[in-house]
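First up is the structure itself, then whatever we jot down about it.
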Amino acid sequence: MAATSQSSDSSLSKLDTVRDILLWRKKKQSFLVLLAATATWILLDVYQFNFLTVISYVAMFIVTSLFLSGNLLRLLGKEPPDLSRVGITEKSALEMGNTIRAWVEEGIRWMFQVAAEREWFIFVGTVSGLWLLSRVARCVDLLTLLYIGVVMGMTVPAMYVKYEDKIERSEEKLKAQLKRYYDTLDEKVVKKIQNKVTVGEKKVKKVE
């Protein structure tokens, strides 16, 4: 029970950290995420560097920095930092795997929930959004699409929190307007078609 509680607290803490980064409550970390995403996109998409080339350059920079800093510390008579314990613990790996599994399960539940949703505009909005995403994906490559997703993830949540009241009021007005359009369409088109089908079935039965 204690281990489960600690794992749950750790997961919640990580989720809080991610939320703080997305909402720019930790400005330094948020800026670093956005800077890293921008630099990666520029190097790979704009300057057409190969992914392995970029990884090699980054690894060379890290190794060179560690080598120079270690030798500089020895010249100053100081002990270099102990890096023997640097690594990914089994607990961290399990938590990462559980987080990914939770995201996949949440996505599957969300799809079934939308499919079974009675509110038609939620279904239509979801399908329209996915269709729009597919159209955008045909115009841009995967890397650019991922970069757009990162930028939107770093801006949209923060903007939503800042203007939450105005957005919710606009959303309610839009839903009410769409519902009126649906009721009008249902009354003038769908019900007429249903009545014609019903009358046709009655005539067929009488002929029989």
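Here, residue 1 is the first one in the sequence, and each next residue gets the next number.
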**Report entry** Leu146/Val150 under side-chain contact (heavy atoms from CB on, under 4.5 Å): CA gap, chis, key distance, verdict
**Finding:** CA-CA 6 Å; Leu146 290 174; Val150 171; 5.6 Å; no
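- Counting only heavy atoms from C-beta outward, the side chains of Trp110 and Thr126 approach each other to under 4.5 Å.
- Distance check: Leu145 CG to Trp41 CH2 gives 12.5 Å after rounding to the nearest 0.5 Å.
- Note on Val58 and Leu66: same hydrophobic cluster, where clusters join Ile, Leu, Val, Met, Phe, Trp and Tyr whose side-chain heavy atoms are under 4.5 Å apart, directly or indirectly.
- With rounding to the nearest 0.5 angstrom, the CG atom of Leu44 is 8.0 Å from the CG atom of Asn50.
- No chain of hydrophobic side-chain contacts below 4.5 Å, direct or via other Ile, Leu, Val, Met, Phe, Trp or Tyr residues, connects Leu52 to Val63.
- Connection of Val54 to Tyr47 is established within a shared hydrophobic cluster, with ILVMFWY side chains joined at heavy-atom distances below 4.5 Å, either directly or through further cluster members.
- Rounded to the nearest 0.5 angstrom, Glu171 CD and Glu164 CD are separated by 10.5 Å.
- In this structure, the side chain of Gln48 engages the main chain of Asp45 through a donor-acceptor pair within 3.5 Å.
- Residues Leu22 and Met152 do not share a hydrophobic cluster, defined by chaining ILVMFWY side chains whose heavy atoms lie under 4.5 Å apart.
- Hydrophobic clustering, with ILVMFWY side chains joined whenever heavy atoms are under 4.5 angstrom apart, keeps Val156 apart from Leu174.
- Ion pairing between a basic and an acidic side chain is recognised when a charged N comes within 4.0 Å of a carboxylate O; Glu106 and Arg109 show such pairing.
- Checked by atom type and distance alone, the side chain of Ser30 never pairs as donor or acceptor with a backbone atom of Lys27 at under 3.5 Å.
- Atoms CG and CD1, on Leu34 and Ile21 in that order, are 12.0 Å from each other to the nearest 0.5 Å.
- Val104 has its side chain within reach of Ile108: a pair of non-hydrogen atoms, C-beta onward, lies under 4.5 Å apart.
- Going from atom OG1 of Thr38 over to atom CE of Met154 covers 9.5 Å, rounded to the nearest 0.5 Å.
- Annotation: side chain of Asp20 is not in contact with side chain of Gln29 (no heavy-atom distance under 4.5 Å).
- Looking at Thr53 and Tyr57, their side chains come closer than 4.5 Å, going by heavy atoms from C-beta outward.
- Atom CD of Glu105 has more than 12 neighbouring heavy atoms from other residues, nucleotides or ligands inside a 6.0 Å radius.
- Judged by distance alone, with hydrogens and angles left aside, the side-chain atoms of Thr144 form no donor-acceptor pair with the main-chain N or O of Val140 at under 3.5 Å.
- When each of Leu72, Thr64, Asn71 is paired with Leu68, the side-chain contact (heavy atoms from CB on, under 4.5 Å) condition holds for Thr64 and for no other.
- At a threshold of 4.5 Å between non-hydrogen side-chain atoms, the residues Tyr160 and Glu168 count as touching.
- In plain terms, the two heavy atoms of Trp24 and Ala158 that are nearest each other are CD1-CB, 4.1 Å.
- Note that CZ of Arg74 and OG of Ser69 are 9.0 Å apart. Values are rounded to the nearest 0.5 Å.
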